[in-house]
Asks: 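So that we are looking at the same thing, I have put the structure below in structure tokens.
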There are 2 protein chains.
Amino acid sequence: MVKQVAERADLLPKLAQLFRSHGYEGTSLAAIAAATGLGKGSLYHFFPRGKPEMAQAVLDETAAWFARAVLGPLRHPGPPRVAIREMCRALEAHHNGGTQICAFALFAADETQTLFAAPLRTHFQQWIEALARVLVLAGRGAAAARTEAFDAVACIQGAIILARAAEDGRVFAGAVARLEARLCV
Amino acid sequence: MVKQVAERADLLPKLAQLFRSHGYEGTSLAAIAAATGLGKGSLYHFFPRGKPEMAQAVLDETAAWFARAVLGPLRHPGPPRVAIREMCRALEAHHNGGTQICAFALFAADETQTLFAAPLRTHFQQWIEALARVLVLAGRGAAAARTEAFDAVACIQGAIILARAAEDGRVFAGAVARLEARLCV
DNA sequence: AACTTGTTTTACCATTTGGTACAGACTTAT
DNA sequence: ATAAGTCTGTACCAAATGGTAAAACAAGTT
């Protein structure tokens, strides 16, 4: 019982893509079954508590990726410019040219918020705090660093929405590039 | 046939509130019926093409409000500082302390995007262009004005998401205040 | 009073929703 | 070979989904 036909971890990328594209309510079990090629039986084998557990798993995996690719560099001792650059590169990759919103942001947007309130709060809080600390290292005062970090994260999230509305991924890349330049003063 | 028992226009605020809270897929006809106190029959009397038409009507009304309260002041000849202040006040009121996202932004976030692509595109495009023109009047160069306007709108949309995630309306008010100060340099 | 118009109620429809039960199949260890 | 575990397919379920049809109701006009 080492090799398994399908593993829970294999499903997470597909699940993430679905939830990030259609939202929580907009993603049906039928769509999940179709996209993964698995029947509901298999799905409920991996996620006995159903759809909420699937969404939770996506948030968990996103949080793990985020800790690795964004919080890690931000907290790693080193030049602020490098940390900020790594953050920006990770965001560009994760959001795929602004076409795909972050699962956390999407769940925060609608009433799904009430289901996942705690993870949402900590996710963005950690992000803002880690970035603010980097900005302090870069010379900002404590208060200014916090508001600048907040505005930076907000700008990223908003840029994804605008890129999706414009159906033009370039605007997201541009926003990230400007953000990087602004933060690295 | 002058006085009607219920008017289409009376329903729009309720509809807007529902869609902005739960998203398009997350808002069921049953919930709409319950919130408005009307049966499905009445609902389909006012919106014969069903839920899509209701969402479209909400977007139309939002667009009308936006043209009046935001684009109007931005396009009105006068000091940039006044136009920007009026925009910020209107946004604060409309988003209710960052607790309610904009219908346009919410529909842009998930795959509802494909249903309302055109209105979404024009909404944000008009906003950015009008704000950019004000920034030119305030002394910016044409290119810088456009990117600053884009970032400003993005920052607003993102701040709503962060305010909802933090469940703290004050952060939205703070973001708007900082934005106003930044734009009025 | 009758006619017309606009609104609401009620009952109904097919389809889809999230979820379950369970028998069978595959894989691995003994 | 067999037992034990893990995985999958099928069939099923009650409830909710978006949507429809038409009868009944209210009100204004003639």
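A note on names: the letters A, B, ... follow the listed sequences, proteins ahead of strands, and every chain is numbered from 1.
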Asks: In whole Å, what is the span from the CG atom of A:L38 to the P atom of C:dG18?
Replies: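 Those two atoms, CG and P, are 16 Å apart.
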
Asks: Any side-chain to backbone donor/acceptor pair from A:R164 onto B:D110? Under 3.5 Å, distance only.
Replies: yes

Asks: Which nucleotide sits closest to the side chain of B:S42: D:dT8, C:dT8, D:dG19?
Replies: C:dT8

Asks: Where the side chain of A:Y44 is defined as all heavy atoms beyond and including C-beta, which of C:dT9, C:dG18, D:dG19 is the nearest nucleotide?
Replies: C:dG18

Asks: Figure out the CE/C1' separation between B:M54 and D:dG18, and round it to whole Å.
Replies: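 It is 9 Å, rounded to the nearest whole Å.
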
Asks: Would you kindly give the NE2-to-P distance between A:H45 and C:dA25, to the nearest whole Å?
Replies: 18 Å

Asks: Under a 4.5 Å cut-off applied to non-hydrogen side-chain atoms, are A:Q126 and A:R75 in contact?
Replies: yes

Asks: To the nearest angstrom, how far is A:E53 atom CD from C:dG19 atom P?
Replies: 11 Å

Asks: What is the ring orientation for B:Y24 with B:F19, classed by angle as parallel under 30°, tilted 30 to 60°, or perpendicular over 60°?
Replies: parallel

Asks: Go through C:dT8, C:dG19, D:dG18 for me and flag the one nearest to the B:K40 side chain.
Replies: D:dG18

Asks: Among residues 15-36 of chain B, which residues get a heavy atom nearer than 4.0 Å to DNA chain C?
Replies: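 Going residue by residue through residues 15-36 of chain B, none turns out to have a heavy atom under 4.0 Å of DNA chain C.
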
Asks: If the plane angle is over 60° it's perpendicular, under 30° parallel, otherwise tilted; pick one for A:F107 and A:F116.
Replies: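 A:F107 vs A:F116 ring planes: parallel.
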
Asks: B:G41 near the nucleic acid: base, sugar-phosphate alone, or nothing, with a heavy-atom cut-off under 4.0 Å?
Replies: base

Asks: Send over the distance from B:R8 CZ to C:dT8 C1', rounded to a whole Å.
Replies: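 Whole-Å distance recorded here is 18 Å.
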
Asks: Under 3.5 Å, is there a donor-acceptor pair linking the side chains of B:Q100 and B:S21?
Replies: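 Yes, B:S21 and B:Q100 have a side-chain donor paired with an acceptor closer than 3.5 Å.
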
Asks: Tell me whether the OP1 or OP2 atom of C:dG18 has a side-chain N or O from A:K51 closer than 4.0 Å.
Replies: yes

Asks: Under a 4.5 Å side-chain heavy-atom rule over Ile, Leu, Val, Met, Phe, Trp and Tyr, are A:I156 and A:W65 clustered together?
Replies: yes

